[in-house]
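What follows is a single structure, written as structure tokens, with notes after it.
Here is how names work: the chains are called A, B, and so on, in the same order as the sequence lines, proteins then strands, and each is numbered from 1.
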There are 2 protein chains.
Amino acid sequence: MNLSNKVMGRLTRYRALLTEYFPKEKTYVFSHELAAMVSLSASQVRRDLMCLGYFGVPRYGYEVVELIKHINRVLDAGKLHNVAVVGAGNLGQALMTFLESRRATLRIIAAFDDDPRLSNRVINGVPCHPMERLEELVEGKEIRIAILCVPGSAAQRVADRLVKAGIKGILNFAPVPIRLPVGVALEEIDITSHLERVAFFTTTRATPSKERRPTQVRLRARS
Amino acid sequence: MNLSNKVMGRLTRYRALLTEYFPKEKTYVFSHELAAMVSLSASQVRRDLMCLGYFGVPRYGYEVVELIKHINRVLDAGKLHNVAVVGAGNLGQALMTFLESRRATLRIIAAFDDDPRLSNRVINGVPCHPMERLEELVEGKEIRIAILCVPGSAAQRVADRLVKAGIKGILNFAPVPIRLPVGVALEEIDITSHLERVAFFTTTRATPSKERRPTQVRLRARS
DNA sequence: GAAACGATGTGAATTAATTCACATTCCAAG
DNA sequence: CTTGGAATGTGAATTAATTCACATCGTTTC
């Protein structure tokens, strides 16, 4: 099954919900419960889960631990990635704390920064190194993924270095689009853009089309 | 014209590019240039720009300042919003610096936090207040938008308070989905989820479908 | 054990998003 | 002035995403 990145994105959300915010005592979950939690339709959820090769039981819903297990199998295929934060300023530091122990398969094992006041010490449990050592450590420690939190002006340059050093994926927080060779995964989070979007939808009455606002689980009519 | 939130999102990106990372000396921009910068197709860009009621000139492209003006008109309709950051921990502080003076129509004018060590002082140029004063200040200072950076466990509760205080839009960084009444705009940034997505696309060979990777401006064949 | 219920799984229909392809336009060159 | 070229604007086609609607099936109840 070739899952689209939309489906993939929703699967990660289902997993997060199930592992962290679903009552432990419930062993089964209904598609409409998941749907309500993420504001989607129940049929959407069922469609997404179809990609897993795991099937729920008709009257009961989906067995939670089994479901999680299958999402894991599909999403991270048992792989474990070492992650580095590049740029240990405000945002970088915030992310280190924020992502701390959130997902077992993704370990932040290093940070890098230009500023000598930041490098060569441990920040939020993550050892921070000077930029000079980037290549050496990315290779040596088998760092596969980088979180880029450098200023926009440095983003492309640093990204190029990372790629050359062998990084396989970049999560870019710098407020500029960066360009990578095919084969290196890229995900950009443009915070300003998101803020602007909120602003936009507060002014106009238009509601983002796809959104299904309050819980609203619709039960189909039976003929 | 009723723009979908996808179009709207891309428009913000075009604007950011044009205002911040486009050579000042160039007065015109081609659809394929914009497209290359954000990794989209040229026809996509043209479609998006159609929503603006502004038209480019055939051989020259789009006049940059005029284009920006029109995007502004559509996107923020001249409105100016006061914004507050709720939760002034690592992430909150990072966002204050990051969003500082990035967009003129969105002003971060206050922060709130439980922790007495953070409140009642100015952080990164933003006055930080104790949570008790949330309602009072949201109303008094006409704060329309909140950036939510509190821990997941507090997110829904704080969101409810914000809504009751009259907030019109929330940008949620807390790693839980929150639920708002219709009429209050919501945008969620799930950082973990994005990181997982990068990880996913590094392992598998699947490239996110819609993405058009390297610059690749395709010129149509003429019959 | 039979019947009713209430969930799933999934073709088919619908709706949304994107791309194609080309007529149109306007500038530039001759 | 005329011609050619290189871009735009946009119906139409295509592709992707979502929703509908219902057959199906495992549980529970009687």
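Residue-to-nucleotide proximity on DNA chain D shows that, of Tyr60(A) and Arg46(B), the 5′-proximal contact is made by Arg46(B). Residues Arg10(B) and Tyr54(A) both approach DNA chain C. Their nearest nucleotides, taken by heavy-atom distance, put Tyr54(A) toward the 5′ side. Residue Tyr62(B) is the one, among Val57(A) and Tyr62(B), whose nearest nucleotide of DNA chain D lies closer to the 5' end (criterion: closest heavy atom).
Contact annotation: Ser43(B) side-chain N/O to dT18(C) OP1/OP2 distance is not under 4.0 Å. For dT19(D), one of the phosphate oxygens OP1 or OP2 lies less than 4.0 angstrom from a side-chain nitrogen or oxygen of Gln44(A). Put simply, Ser41(B) has no side-chain N or O that comes within less than 4.0 Å of OP1 or OP2 on dT18(C).
In this structure, OH of Tyr28(B) is placed 12 Å from P of dC26(C), rounded to the nearest angstrom. Atoms CG (Leu52(A)) and P (dG9(C)) sit 10 Å apart, rounded to a whole Å. Atom CZ in Phe55(B) sits roughly 10 Å away from atom C1' in dT8(D) (whole-Å rounding). Taking atom CG of residue Asn5(A) and atom P of nucleotide dT18(C), one finds them 11 Å apart after rounding to whole Å. Rounding to whole angstrom units, CG of residue Leu67(B) and C1' of dA7(D) are separated by 15 Å. At whole-Å resolution of the value, CE in Met50(B) and C1' in dT18(C) are 13 Å apart. Between Glu66(B) atom CD and dT8(D) atom P the separation is 16 Å, expressed in whole Å. Look at CG on Leu3(B): it is 11 Å from P on dA17(C), rounded to the nearest Å.
For Arg47(B), whose side chain is taken as the heavy atoms from C-beta onward, the closest listed nucleotide among dA12(D), dT18(C), dT18(D) is dA12(D). Side-chain proximity of Pro58(A) to dG9(C), dT19(C), dG6(C): nearest is dG6(C).
Note on residues 37-57 of chain A: pairs passing ring pair (Phe, Tyr, Trp, His ring centres under 6.0 Å), not counting sequence neighbours, are Tyr54(A)-His70(A).
Judged by distance alone, with hydrogens and angles left aside, Arg59(B) brings no side-chain donor or acceptor close enough to the base of dG9(D) to form a pair under 3.5 Å.
A search for side chain to side chain contact (heavy atoms under 4.5 Å, CB included) contacts involving Ser193(A) returns Asp190(A), Thr12(B), Arg13(B), not counting sequence neighbours. With sequence neighbours left out, the ring-ring contact (aromatic ring centres under 6.0 Å, His included) criterion links Tyr28(B) to Tyr60(B). Phe22(B) meets the side chain to side chain contact (heavy atoms under 4.5 Å, CB included) test with Leu18(B), Lys26(B), Val29(B), Glu33(B), Met37(B), Val64(B); sequence neighbours excluded. Looking at residues two or more places apart in sequence or on another chain, you find no side chain to side chain contact (heavy atoms under 4.5 Å, CB included) involving Ala16(A).
Looking only at atom types and distance, the side chain of Glu142(B) has no donor-acceptor partner in the side chain of Asn82(B) under 3.5 Å away. Glu188(B) and Asn172(B) share a side-chain donor-acceptor pair at under 3.5 Å.
Each end of the helix from dG1(C)-dC30(D) to dG30(C)-dC1(D) gets its own axis, taken as the rotation carrying the C1' atoms of four end pairs onto the next four within a five-pair window, and the two axes meet at 10° to the nearest 10 degrees.
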